[in-house]
Amino acid sequence: MMGSKGHEHENKFNVHPINREAGVQEPITDEKWQAIILNDKSYDGQFFYGVKSTGIFCRPSCKSRAPKRENVRVFQNAEHALSDNFRPCKRCKPTNRRLPDQEWVNQIEHCMDINYSVRLTLNTLAEMCHGSPYHLHRVFQRVKGMTPNEYLQQTRIARAIDLLIGSDKAISDIAMLVGIPNTPYFITMFKAKTGYTPADYRQMNGIK
């Protein structure tokens, strides 16, 4: 849910990169892959799987959206998945306990932190985080005091700040990289959030 070399700075959005350490995992076999995409309950208890694009791990029987195979990690047990910094699914409860709202919101934040560069609608985010769009929006806003869209905008602007200061990429390229391909809209939103245009912000920090 970032400093650049040679330029020490802080941005007011306080967004940090993901730092996942390697944990215990197994290669995914065709048999296990089939169990995942078919939501085969008979494999529950035999293994768990995590999805790198969401940071969430599930039972094989979970009715969540089928992941991409290259994004899947397989674990012998829930403890191994947790040790690799995956978070338990709200829907299938792989740790056999109800997921508190704060932990679910942490999952939602994490999902936006690692997927900010692609188009994320509320429906897509809800699918990725295993809940309904209405419930996700309501819980996130209650816990965080902002909507998921506001958090996503905050994350994108924070990433843009790092790119403006830490690279010489064109503003249009930066807009694309942070998930806002409409450059005029990106400039307008950046100024609304920071008080500066991207070009002015870059110049203010001594980058030509």
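Just so we're clear, the structure is a prediction, and the values are computed from it rather than from any experiment.
- In terms of modelled atom types and a separation under 3.5 Å, the side chain of Glu103 and the main chain of Pro100 share no donor-acceptor contact.
- Here the closest non-hydrogen pair linking Val118 and Arg156 is O-NH2, 2.9 Å.
- Taking each heavy atom of Pro60 and Tyr49 in turn, the nearest pair found is CA-CE2, 4.0 Å.
- Interatomic distance, OG1 of Thr194 versus CG of Leu164, reported as 9.0 Å (0.5 Å rounding).
- Met128 places a side-chain heavy atom less than 4.5 Å from the side chain of Leu120.
- Taking 4.5 Å as the limit, some side-chain heavy atom of Ile171 sits within range of a side-chain heavy atom of Pro198.
- Atoms CG and SG, from Asn106 and Cys111 in turn, are 13.0 Å apart once rounded to the nearest 0.5 Å.
- Without hydrogens or angle criteria, Arg59 side chain to Lys93 main chain gives a donor-acceptor distance under 3.5 Å.
- Annotation: cation-pi pair Lys32/Phe47 present, NZ/CZ under 6.0 Å from the ring centroid and within 45° of its normal.
- Residues Gln154 and Met146 have side chains in contact (heavy-atom distance under 4.5 Å, counting atoms from C-beta outward).
- Taking OG1 of Thr121 as the reference point, atom CD of Glu127 lies at 7.5 Å (rounded to 0.5 Å).
- When side chains are defined from C-beta on, Trp104 counts as touching Cys129, because their heavy atoms get closer than 4.5 Å.
- Of the possible polar contacts, none joining the Asp101 side chain to the Val139 backbone as a donor-acceptor pair under 3.5 Å is found.
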Worksheet item: Can Gln34 and Asp30 be said to form a side-chain hydrogen bond (donor to acceptor under 3.5 Å, both in side chains), step by step?
Response: CA-CA 6 Å; Gln34 287 298 311; Asp30 289 341; over 6 Å; no

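- Atoms CG and OG, on Asp162 and Ser167 in that order, are 9.5 Å from each other to the nearest 0.5 Å.
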Practice prompt. Apply the test side chain to side chain contact (heavy atoms under 4.5 Å, CB included) to residues Thr197 and Gln203: give CA-CA distance (whole Å), side-chain angles for both, the deciding distance (0.1 Å), then the verdict.
Written response: CA-CA 10 Å; Thr197 67; Gln203 187 174 30; over 6 Å; no

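- Heavy-atom contacts from other residues, nucleotides or ligands closer than 6.0 Å to CZ of Arg142 number more than 12.
- The heavy-atom pair separating Ile114 from Gly55 by the smallest distance is CD1-N, 4.5 Å.
- Not one N or O on the side chain of Arg73 forms a donor-acceptor pair closer than 3.5 Å with the backbone of Gly50.
- Closest non-hydrogen pair, Gln76 versus Phe48, comes out as O-CD1, 4.1 Å.
- Using modelled atom types and a 3.5 Å distance limit, the side chains of Tyr43 and Glu31 yield a donor-acceptor pair.
- Taking 4.5 Å as the limit, some side-chain heavy atom of Lys90 sits within range of a side-chain heavy atom of His135.
- At a cut-off of 3.5 Å, with distance as the only test, no side-chain donor of Ser61 or Asn39 sits close to an acceptor on the other residue.
- Taking the six-membered ring where the residue is Trp, the centroids of Phe86 and Phe75 are separated by under 6.0 Å.
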What side-chain donor-acceptor pairs closer than 3.5 Å can you find for residues 178-188, not counting sequence neighbours?
residue, atom, partner, partner atom, Å
Asn182, OD1, Tyr185, N, 3.1
Thr188, OG1, Pro184, O, 3.0

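- Considering only residues two or more places apart in sequence or on other chains, Leu82 meets the side-chain contact (heavy atoms from CB on, under 4.5 Å) condition with Phe57, Pro88, Thr95.
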Discussion item. Run Ser64 and Cys89 through side chain to side chain contact (heavy atoms under 4.5 Å, CB included) and show every step you take.
Written reply: CA-CA 9 Å; Ser64 57; Cys89 172; 5.6 Å; no

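- Residues meeting the side chain to side chain donor-acceptor pair (under 3.5 Å) test with Gln141, sequence neighbours left out: none.
- Taking all atoms of both residues into account, the shortest heavy-atom contact from Lys68 to Trp33 is C-CH2, 4.1 Å.
- If you take CD1 on Ile157 and CZ on Arg159, they are separated by 12.0 Å, rounding to the nearest 0.5 Å.
- For the pair Arg91 and Ile56, the minimum side-chain heavy-atom distance is 4.5 Å or more.
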Worksheet item: What do the steps show when you test Leu122 against His137 for side chain to side chain contact (heavy atoms under 4.5 Å, CB included), and what is the final call?
Response: CA-CA 8 Å; Leu122 184 60; His137 189 279; 4.1 Å; yes

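- You'll find the side chain of Leu125 reaches within 4.5 Å of the side chain of Pro148, heavy atoms only.
- Between the NE2 atom of His110 and the CG atom of Asn85 there is a distance of 8.0 Å, given to the nearest 0.5 Å.
- A donor-acceptor contact closer than 3.5 angstrom is absent between the side chains of Thr147 and Asn149.
- When the side chains of ILVMFWY residues are joined at heavy-atom separations under 4.5 Å, either directly or via intervening members, Met176 and Ile165 end up in two distinct hydrophobic clusters.
- With contacts defined as side-chain heavy-atom distances shorter than 4.5 Å, the pair Ser53/Pro67 does not qualify.
- Ring geometry, Phe190 versus Tyr201: the interplanar angle exceeds 60°, so the pair is classed perpendicular (tilted spans 30 to 60°).
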